[in-house]
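Below, read A as the first sequence line, B as the second, and so on, with proteins coming before strands; counting in each chain starts at 1.
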Protein chains: 2
Amino acid sequence: MTEPIRLLLADDQALVRGALAALLSLEPDLTVVAEVGRGDEVVPEARRTRPDVALLDVEMPGLDGIAATRAVRAAVPGCRVLVVTTFGRPGYLRRAMEAGAGGFVVKDTPARQLADAVRRVHAGLRVVDPALAAETLATGASPLTERETEVLRTARGGGTVAELAATLHLSEGTVRNHLSAAIGKTGARNRADAVRVAEENGWLLG
Amino acid sequence: MTEPIRLLLADDQALVRGALAALLSLEPDLTVVAEVGRGDEVVPEARRTRPDVALLDVEMPGLDGIAATRAVRAAVPGCRVLVVTTFGRPGYLRRAMEAGAGGFVVKDTPARQLADAVRRVHAGLRVVDPALAAETLATGASPLTERETEVLRTARGGGTVAELAATLHLSEGTVRNHLSAAIGKTGARNRADAVRVAEENGWLLG
DNA sequence: CGGCGGGCCTGACAAATGTCACGGCGGCAA
DNA sequence: TTGCCGCCGTGACATTTGTCAGGCCCGCCG
């Protein structure tokens, strides 16, 4: 038999990380060589242990999974990436693929399929959840303009228009206008709603 | 050797559920006899399979983990409950314990400790994360009054004051007043902020 | 009993938010 | 060139939101 596939696991929840390690270690052709809990530990650990495939969560402290994907693809070209995430946000899939991921799996998928996904990614195939792919195509790219995204992203932290205007070096009226446009385009009714919708669609990352 | 401890797993994310099953099945004295993905499937499955310990996630469709704890404790008294959750929201711990849980573990805890937690809960001991317990005591019970929580919970979905007033059969002024009180007590600056803070502390459940 | 405190309800007022119409600028096609 | 269209920036205006003072009711303690 040939060498087993070497895996790196990145997930901020230690319990989930360990459980995934146990699950994947059941497969004779897979072996977990590294585990990290932060996005910015992925590249150093990948350099050191030279895994064949890295399983990255999207929600991580330090560096989000998309950025970590880009970084590890650049630093360790031989290492393929399978992104595993809690939320099937349409924009996440597109961005993960643009960042060089070989596959994208949501945590709702049956556990039995994970090992197969890993093997396919390792073989150079693309793995995506079909339902999620369809939704991504339906939702499409962000309708928000550059400034609108920026304002919305700043508004995410919560704060009055005056503060936003100050940090962005804009007039209050301008901020209000961008916010209003974003509210209209997202179909929301509040500023808070608009932030929520945009976040759920992954339009606030870039 | 005596009979193994029989486990029921409840988590809405199939991947995590399966991974936990793999992790716990590594222990010779533990066996997973049932898995469910919804809160309202816990009691029927527990009646059927008679587990010794049920591991329940808090965030689940159908019925949240706290309510599921109460239900399973009432329907299957011999089954102890270990609540496993993503967020260490202070209020969750208190409510879980009040509902009859034997233990409370956050998903940040190392994987090696999970099996021990299961064994202790099975033995009738109480298992809680010490750091989280301290925070719970510090945060204390909800400062919100009954109406305030109700209004805040209704406002969670987003919507204008007029709509809230209509669904609650109150005057707009009253709704505004409750909202204002909640904003003050939570230390928030917006209605949205207040909702977020209250949710993070687990004050919006009961 | 009378006073006190707290929760609940309400309306009036000030402040923030969202909408609109407008002008400037740059790309692009006729 | 000219006209058109989209993005950006801005201020005036209406709507919504948050704050405040006050009235009502009930339980509690002196």
Side-chain angles (χ1 to χ4, degrees), chain A residues 91 139-206, chain B residues 91 94-95 139-206:
Chain A
T139 305
S142 170
L144 299 175
T145 192
E146 188 180 349
R147 272 286 189 271
E148 287 160 5
T149 318
E150 191 175 356
V151 172
L152 212 53
R153 198 183 304 142
T154 310
R156 185 167 33 175
T160 146
V161 172
E163 293 171 326
L164 299 184
T167 63
L168 294 171
H169 305 291
L170 286 177
S171 159
E172 301 194 8
T174 307
V175 174
R176 288 214 189 82
N177 193 16
H178 286 308
L179 247 22
S180 180
I183 291 173
K185 289 182 181 176
T186 54
R189 317 174 61 179
N190 287 339
R191 167 189 323 193
D193 247 19
V195 169
R196 191 177 49 74
V197 170
E199 230 171 16
E200 285 179 0
N201 289 29
W203 292 339
L204 257 41
L205 288 173
Chain B
R94 190 171 33 78
R95 289 186 168 275
T139 305
S142 171
L144 299 175
T145 191
E146 187 179 350
R147 273 286 189 268
E148 287 161 5
T149 39
E150 190 175 359
V151 172
L152 212 54
R153 196 182 305 141
T154 310
R156 186 167 32 176
T160 147
V161 172
E163 293 171 327
L164 299 184
T167 63
L168 293 171
H169 306 290
L170 287 177
S171 160
E172 301 194 9
T174 309
V175 173
R176 287 212 191 81
N177 193 16
H178 286 309
L179 247 22
S180 180
I183 290 172
K185 290 181 181 177
T186 54
R189 316 174 59 178
N190 288 338
R191 168 188 324 192
D193 247 20
V195 170
R196 193 177 47 74
V197 171
E199 231 169 16
E200 286 180 0
N201 289 23
W203 292 339
L204 258 42
L205 290 172

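- The shortest non-hydrogen separation linking B:Ile183 to B:Ala194 is CG1-CB, 4.0 Å.
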Working for side-chain contact (heavy atoms from CB on, under 4.5 Å), residues B:Val161 and B:Arg191:
CA-CA 11 Å; B:Val161 172; B:Arg191 168 188 324 192; 3.3 Å; yes
Heavy-atom protein contacts under 4.0 Å, nucleotides 6-17 of chain D, coded B base, S sugar-phosphate only, - none
-SSBBB-----B
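- Checked for salt-bridge contact, B:Arg196 and B:Glu199 miss the test: no charged N lies under 4.0 Å from a carboxylate O.
- Taking 4.0 Å as the cutoff to heavy atoms of chain B, we find the contact window on DNA chain C bounded by C:dG7 to C:dG11.
- Residues A:Gly159 and B:Asn190 approach most closely at N-ND2, 4.4 Å, considering heavy atoms.
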Begin from the C-alpha positions of A:Leu164 and A:Leu179 and carry the test side-chain contact (heavy atoms from CB on, under 4.5 Å) through to its verdict.
CA-CA 11 Å; A:Leu164 299 184; A:Leu179 247 22; 4.2 Å; yes
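- Remark: A:Arg153 does not engage A:Glu148 in a salt bridge, criterion side-chain N to carboxylate O under 4.0 Å.
- The side-chain heavy atoms of A:Leu204 and A:Leu152, taken from C-beta on, include a pair separated by under 4.5 Å.
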